[in-house]
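Notes to accompany the following structure.
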Amino acid sequence: GEDVEQSLFLSVREGDSSVINCTYTDSSSTYLYWYKQEPGAGLQLLTYIFSNMDMKQDQRLTVLLNKKDKHLSLRIADTQTGDSAIYFCAEIGNNAGNMLTFGGGTRLMVKP
Amino acid sequence: DAGVTQSPTHLIKTRGQQVTLRCSPKSGHDTVSWYQQALGQGPQFIFQYYEEEERQRGNFPDRFSGHQFPNYSSELNVNALLLGDSALYLCASSLRPTGGEQFFGPGTRLTVL
């Protein structure tokens, strides 16, 4: 089946930028998402990008999509301690309706 | 405007029992999907309901079944519970099953003893 891969862990200093990376195998992906999950909580939708876009910016968040390399990244500017959480990348393949395929998540730790 | 709500928050069952979890979608949404998230992993798609019918199904056995009501709310039923069914069960809602924004509820933590 289709696969979404993420690195397990990222540690940054407060005020620095964080970049979380994701690779996927489905070349027919239509939508790609970033979700945030805090301990014991559900998933918070941060942003999503349609596959015909290569960049989307929303306040401190910048999403970059490289379709050729099947690579998605999330940049968080001016990272704060409140950004500490697990970040999930997810994609919807063509003809997959609304089914999200998730990566295993990247744990972001922000040190003061 | 209420977001996606789920009940109960936590549930403890024993092997062999049956469980029902409930979800109300975000106002204005008509499509509900269910996901299972085991500890330390990403969520796995169980199935999706739209217009009161199961539209898509992931790789889960028939012990997992569901229902969608005319008000778009949904139930997830799991029969003959196994220890491995212990997980966080997440509900997601969207407007139509065609991509775009999908919002998740807080989840139901199921523990099977």
Side-chain angles (χ1 to χ4, degrees), chain A residues 1-9 20 22-26 28-53 56 58 63 65 72 74 85-107, chain B residues 2-7 9-10 21 23-26 29-51 53-60 68 74 87-109 111:
Chain A
E2 304 305 340
D3 202 17
V4 179
E5 300 277 347
Q6 299 179 239
S7 53
L8 286 176
F9 187 76
I20 303 171
C22 170
T23 57
Y24 57 97
T25 58
D26 186 356
S28 66
S29 290
T30 54
Y31 289 88
L32 296 116
Y33 299 76
W34 285 104
Y35 284 90
K36 175 184 179 183
Q37 188 174 38
E38 297 185 69
L43 300 178
Q44 176 191 351
L45 175 62
L46 293 177
T47 186
Y48 68 100
I49 189 168
F50 190 54
S51 59
N52 67 353
M53 301 168 65
K56 182 177 180 180
D58 183 1
V63 178
L65 174 60
L72 182 74
L74 173 69
I86 299 176
Y87 290 79
F88 289 97
C89 166
E91 60 96 24
I92 293 179
N94 200 18
N95 299 320
N98 231 13
M99 184 184 79
L100 290 164
T101 299
F102 282 87
T106 298
R107 181 178 294 276
Chain B
V4 181
T5 60
Q6 293 186 244
S7 63
T9 306
H10 295 88
L21 311 182
C23 171
S24 290
K26 178 179 164 63
H29 284 184
D30 57 9
T31 302
V32 173
S33 301
W34 287 92
Y35 290 80
Q36 179 195 67
Q37 185 179 22
L39 200 60
Q41 297 183 22
Q44 298 287 320
F45 177 80
I46 303 174
F47 44 52
Q48 178 185 85
Y49 278 84
Y50 172 64
E51 292 184 332
E53 289 187 11
E54 182 183 296
R55 297 291 178 164
Q56 278 183 285
R57 189 176 185 93
N59 189 24
F60 280 80
Q68 186 179 35
S74 176
L88 180 67
Y89 288 84
L90 295 162
C91 167
S93 80
S94 62
L95 178 61
R96 294 186 296 276
T98 54
E101 291 181 329
Q102 291 197 56
F103 295 100
F104 280 79
T108 294
R109 172 73 61 187
T111 302

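Hydrogens, waters and symmetry mates play no part in the numbers below; they use all other heavy atoms, side chains included. Just so you know, these numbers come straight off a predicted model, no measurement behind them. Here is the naming used below: chain letters follow the sequence lines, and residue numbers restart at 1 for every chain.
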Side chain, backbone, both or neither: which part of B:R96 has an atom under 4.5 Å from a heavy atom of chain A? backbone
In the structure I gave you, are the side-chain heavy atoms of A:F88 and B:Q37 within less than 4.5 Å of one another anywhere? yes
Does A:N52 CG have over 12 foreign heavy atoms under 6.0 Å away? yes
Residues forming a ring pair (Phe, Tyr, Trp, His ring centres under 6.0 Å) with B:F45, sequence neighbours excluded: B:Y35
Those residues at least two apart in sequence (or on a different chain) that pass side-chain contact (heavy atoms from CB on, under 4.5 Å) with A:T101 are A:V4, A:E91, A:M99
Segment of A:Y35 engaging chain B (4.5 angstrom heavy-atom cut-off): side chain
Which distance, rounded to the nearest 0.5 Å, do you find between the OG1 of A:T47 and the CD of B:E101? 9.5 Å
Out of B:P43, B:A92, B:S33, which one racks up the most heavy-atom pairs below 4.5 Å with chain A? B:P43
Would the number of heavy atoms belonging to other residues, nucleotides or ligands and lying under 6.0 Å from CZ of B:R55 be above 12? yes
Between B:Q102 and A:N98, is there a donor-acceptor pair closer than 3.5 Å when you use the side chain of the first and the backbone of the second? yes
Quick one: side-chain contact (heavy atoms from CB on, under 4.5 Å) partners of B:P106, sequence neighbours excluded? B:Q6
Can you check whether anything in residues 37-46 of chain A gets within less than 4.5 Å of chain B, heavy-atom wise, and list it by number? A:Q37, A:A41, A:G42, A:L43, A:L45
Measure the CG-CD distance between A:L100 and B:Q48 for me, rounded to the nearest 0.5 Å. 9.5 Å
